[in-house]
Structure formats: structure tokens, C-alpha cells
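As the structure is a prediction and not an experimental result, all values here were calculated from the model. To find a chain, count down the sequence lines: A is the first, B the second, and so on, and within it residues start at 1.
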Number of protein chains: 2
Amino acid sequence: MNRLPVAERREQLIEAALAVASRDGIDAATVRAIAAEAGVSLGVVHYCFQDKDELLRAMAHAITSQNLARSLGDLPEHADLDTVVDGVVDALWTGISESRGPQLLSYELTTSSLRHAELNQVAIEQYRGQWSAAEQVLELIERTAQIGWAIPRSQVARAIVAVIDGYSLAWLVDADGEQARAGLQGFGQFLKTLAVPAALEPDEGDHASVGAPDGATA
Amino acid sequence: MNRLPVAERREQLIEAALAVASRDGIDAATVRAIAAEAGVSLGVVHYCFQDKDELLRAMAHAITSQNLARSLGDLPEHADLDTVVDGVVDALWTGISESRGPQLLSYELTTSSLRHAELNQVAIEQYRGQWSAAEQVLELIERTAQIGWAIPRSQVARAIVAVIDGYSLAWLVDADGEQARAGLQGFGQFLKTLAVPAALEPDEGDHASVGAPDGATA
DNA sequence: AGTCGACCTGGTCGGTTGTCCAAGTCAAGT
DNA sequence: ACTTGACTTGGACAACCGACCAGGTCGACT
């Protein structure tokens, strides 16, 4: 087998780990299986990574990064609110429905991270990335459709991630893509009701209750 | 150790498995750990269950059953729509936030089920139970508040389960109970906008667009 | 050409897992 | 009292895991 500097070998192993874990599940991503997938011998893994956990952390980091890069890559040019929201929802669902394995893997990683102390940072980093990506998508919508939101943008972002997670999970279980797509599109409709014209949004001090345009602060 | 008929011993082992898996994760629920938790010796497990998988399936079934029983146990007497929806959301979130371990376990079970053929039935049964429970809660709301829904009840039920899953997952990750509660309450608000007076709901043929109270059918 | 260090090999080790089994124990029925 | 069968015990086994290591290999620099 050809020789590689350790940095490149490391990336190759991360890709191999990603392939195995996406295909066969996180439990099947043993050091041996990853080495075999990469076509290297067993010892190489521990030559490039101190731990198996370090490899898994690197793999999770790679997923988060490329998720973030991908979700910001689809650029639905400037249009009105309906068009841009529908476009985002559509692109999003297409991206999900075409990658069942990685999608399932990300949930496996989340639960694993919440159980094993060595992976504690993985889940929070994963979700910080998703929330931040959702916020950036929202900013894009704000600019292209010239609107703001009736509730803080960060809360809208959390709602987006939550709804996507929920419908993705359901789709992974029952494989009913139409139900999932319909649900997400329904959420898109709801999103539009949260939009307010851009002019009267910047200086509004308190947003107390969620989803209640008629402020229930008092 | 005292002797038990196999049926009772089986239930005891299921409870022990539930305890171990909720506390330490599904991977920690080894045959030995379960036997130790139950205070029985190793061989008993395979005397009561043919497989470890059979035990896990039984455990998952127990979770589903008691989840269904619990979610229908909180009976928010007859009141107006606001009161009953807020009450349901509140009771729901209280139930979730008080059982972090089991909640996380249910997601571990879902992903495991989707990977291992021997557990294939677990996830779908889990979600069928949740969807059905959500539908029954919706029926309760319909009766107590004298309303119907702008979209088919089954789709509302799926939305409920999806939103709960999404916010629960986020809460498991970042431990921010207030954000989760706020998000669920916001969904409760949205739910109210889907309610229509009971009189004009039974004979409406087509429900085309989801989440659009201002009917976008035409 | 020769040396040095980065990179690779594959066997080995201790530990854990699910599964099995021969033997032991106890209550109930005769 | 004794037999029968349900229930229990704890050790044994093969398979697999992550980690480790002594030694081999090859490219690059002197």
C-alpha cells in the first residue's frame, strides 16, 4: 500500500469511518472494520489516532462541518417569501431523503455522545452547528424577502431544527417520505405566518411568549 | 435467592433491563449487568429468554405500553381550548423532563432498531404507539373543547410527535429546559390556530395544504 | 551510498460479550 | 419419604473488541 503523510492518512480514515458507520451503524464502526474499509492494516489507526474515541470525534466533527457547508450551499436567489421558503424546505428535504445512512448515523452519534463521557462535546457541537446554520438560513430569508420575525430569530432556528429532527426520525422509522415532506411543508407555511415586514422589526425590546403574535407578556 | 415462576421472573428481568438501560445506556445493558441488577445469576436470563434480543424486544414493548398508558392517564377535565391545550402541553413536558434516562433510551432503541434486523419491529411499534396516543389526546381535546381540526387528525398527531421528539432531543443535548418548554408551548399556540368549531368540520372533503388556516385549497 | 526517521505490518494481549451446559436445589404431588 | 420437574447456579467457551508493540519498509536528505 502506498505511503501517505499522517495528516492525509487521517482524513482517509475519517472518510472510511464515515462510510462504515453510515452503512452499518456506529456499533459496526470498529477499529478493524474501519482499517479494512480504508485498506490499511490494523496498526495504522492507532498510529494516526491516539484513541478510537479520537477518531470518532474527528468523524463527528467532519459530519458537522460538511453539514454546515452543505446547508449554506443551496442559494435560492432573491424572491418573495413564498418562493424562498418553499425552495428552502424543498432543498432541505431533498438533501435529507437522499442520505438515509448519514442521517441515521447523526442520531446514533447524538445518543452515543450523551452516554459516553469521552464523546460529550460531540452532541453539543453538532447542535450548535445546526442551530447556527438554521439562523443563517433565516438571515438569508430575511434579506431576500425583506422581512423579520415575530419572535427572536434564535427561537425560530431552534424550532426549525426540532421540526426537522422530528420528521426525519419519523421518516427513518416508517419510510413514508410523503408524510415527512408534507409535514415539513406545513411547517414552512407556519413559518410564513411568523414573518413581519422588515421595517417594523429592528427595535422591539421584549419577545416573551413563543408563537403568540398577540404578546402575552403581562 | 427465592424462586419465581418463569413469567414473573421474566417481568422482573424486563424491569431490571429497563433500569440498567435507562441509567447507563443501551450498550451497558449486557446480559451480565441485567442479571446483576435483578440479583439473579447469569444463566437465569437465558432460561427466561431465548435471546438477548428477545429480552430487549420485551423491554421495548414494556416501554411502549407504559408510555401509552401514562400519556392517557393525565385527564384534564372539560374546559375551553386554551386551558386544555396548555394543560396537555404542561403535563407532557413535566413527564418528559422528569425522565431523562428513559427518554434518551427510547431514542437509543429507535436507532438500534433501525440498524439491527432482529429489532426491526421495535421502532415502528414504538412510533405507531406514539402516533395513536397523540390521536387519542387530540380526540380528548376535540370532545372537551368542542372543536375539530383544519387538517386530518392523523397529520396533526404526526406533527405533535415530531415536535416533541425534536425539542426533547434538543433538551437532552443542551439541558435547557426553558427553551424546550417555550418551544412546546409555542407549538401549543400553533395547535390552537388549527382548531375549528365542531359544527362545520365533519363533511369537508379535501384538505389540500397543511398548516394554512386560510384555506389555500382553491 | 548511506543514514535516519516517518510510516506501515500483523501478531498478541487482557478484557468483555452472548451463549451454552452439567450439576445443584427446592417445592409439590404421590 | 421419595420422586419428578421446574427453577437456579456459576463456570466454560468461542468470538470479538481496543490497545499495544517489536520489527519491517521506504522515501528523503546528507
Side-chain angles (χ1 to χ4, degrees), chain A residues 1-21 23-60 108-109 112-113 115-120 122, chain B residues 1-21 23-60 108-109 112-113 115-120 122:
Chain A
M1 96 136 308
N2 54 348
R3 301 197 151 209
L4 254 55
V6 61
E8 295 183 25
R9 182 69 73 200
R10 188 144 33 195
E11 288 196 25
Q12 181 197 358
L13 286 173
I14 291 173
E15 274 193 42
L18 202 51
V20 175
R23 186 186 344 114
D24 303 323
I26 200 175
D27 290 334
T30 67
V31 174
R32 284 163 228 269
I34 294 170
E37 176 83 17
V40 301
S41 64
L42 188 56
V44 173
V45 179
H46 283 89
Y47 179 76
C48 296
F49 297 91
Q50 191 174 13
D51 260 348
K52 181 197 176 183
D53 294 321
E54 188 181 311
L55 171 53
L56 255 54
R57 280 194 295 267
M59 183 189 74
E108 294 182 279
L109 270 174
S112 288
S113 163
R115 289 292 190 188
H116 307 312
E118 319 84 36
L119 301 178
N120 257 347
V122 167
Chain B
M1 101 135 305
N2 55 347
R3 302 198 150 211
L4 252 55
V6 62
E8 295 182 25
R9 181 71 72 202
R10 186 143 35 194
E11 288 196 26
Q12 181 197 358
L13 286 172
I14 292 173
E15 274 191 44
L18 201 52
V20 175
R23 185 187 342 115
D24 303 322
I26 199 174
D27 291 333
T30 67
V31 174
R32 283 163 228 269
I34 293 171
E37 177 84 17
V40 301
S41 63
L42 187 57
V44 172
V45 178
H46 282 88
Y47 179 76
C48 297
F49 297 92
Q50 191 173 14
D51 260 350
K52 181 196 175 183
D53 294 320
E54 190 183 309
L55 170 53
L56 255 54
R57 281 194 295 269
M59 183 188 74
E108 294 182 280
L109 269 175
S112 287
S113 164
R115 290 292 190 189
H116 308 311
E118 319 84 36
L119 302 178
N120 256 347
V122 167

Completion exercise
Arg57(B) meets the salt bridge (charged side-chain N to carboxylate O under 4.0 Å, His left out) criterion, sequence neighbours left out, with none
Completion exercise
One would report the end-axis bend of the helix from dA1(C)-dT30(D) to dT30(C)-dA1(D), five pairs per end and rounded to 10 degrees, as 10°
Completion exercise
Testing dT19(C), dA6(C), dT8(D) for proximity to the side chain of Tyr47(A), the answer is dA6(C)
Handout entry: Rounded distance [0.5 Å steps], CD in Glu108(B) versus CG in Asp27(B)
Key = 7.0 Å
Handout entry: Neighbour count above 12 (heavy atom, 6.0 Å) for Gln12(B) CD
Key = yes
Practice task
Please evaluate the base of dC8(C) for a donor-acceptor partner in the side chain of Arg3(A) within a cut-off of under 3.5 Å?
Solution key: no
Handout entry: Closest to the Leu42(B) side chain, choosing from dT9(D), dC8(C), dT19(C)
Key = dT19(C)
Exercise for the section: Could you check which of dC7(C), dC17(D), dC8(C) has an atom nearest any side-chain atom of Arg9(A)? Expected result: dC8(C)
Practice task
Send over the distance from Ile26(A) CD1 to dC17(D) P, rounded to a whole Å.
Solution key: 15 Å
Exercise for the section: Tell me what Val31(A) touches on the nucleic acid: a base, only sugar-phosphate, or nothing, going by heavy atoms under 4.0 Å. Expected result: sugar-phosphate
Practice task
Rounded to the nearest 0.5 Å, what's the gap from CG on Asp24(B) to NE2 on His116(A)? Could you check?
Solution key: 10.5 Å
Exercise for the section: Could you tell me the separation between the OG1 atom of Thr30(A) and the CD atom of Glu37(A), rounded to the nearest 0.5 Å? Expected result: 11.0 Å
Completion exercise
Out of dT8(D), dC17(D), dC7(D), minimum distance to the side chain of Thr30(A) belongs to dC17(D)
Practice task
Pick base, sugar-phosphate or nothing for Val6(A), based on heavy-atom distances below 4.0 Å to the nucleic acid.
Solution key: sugar-phosphate
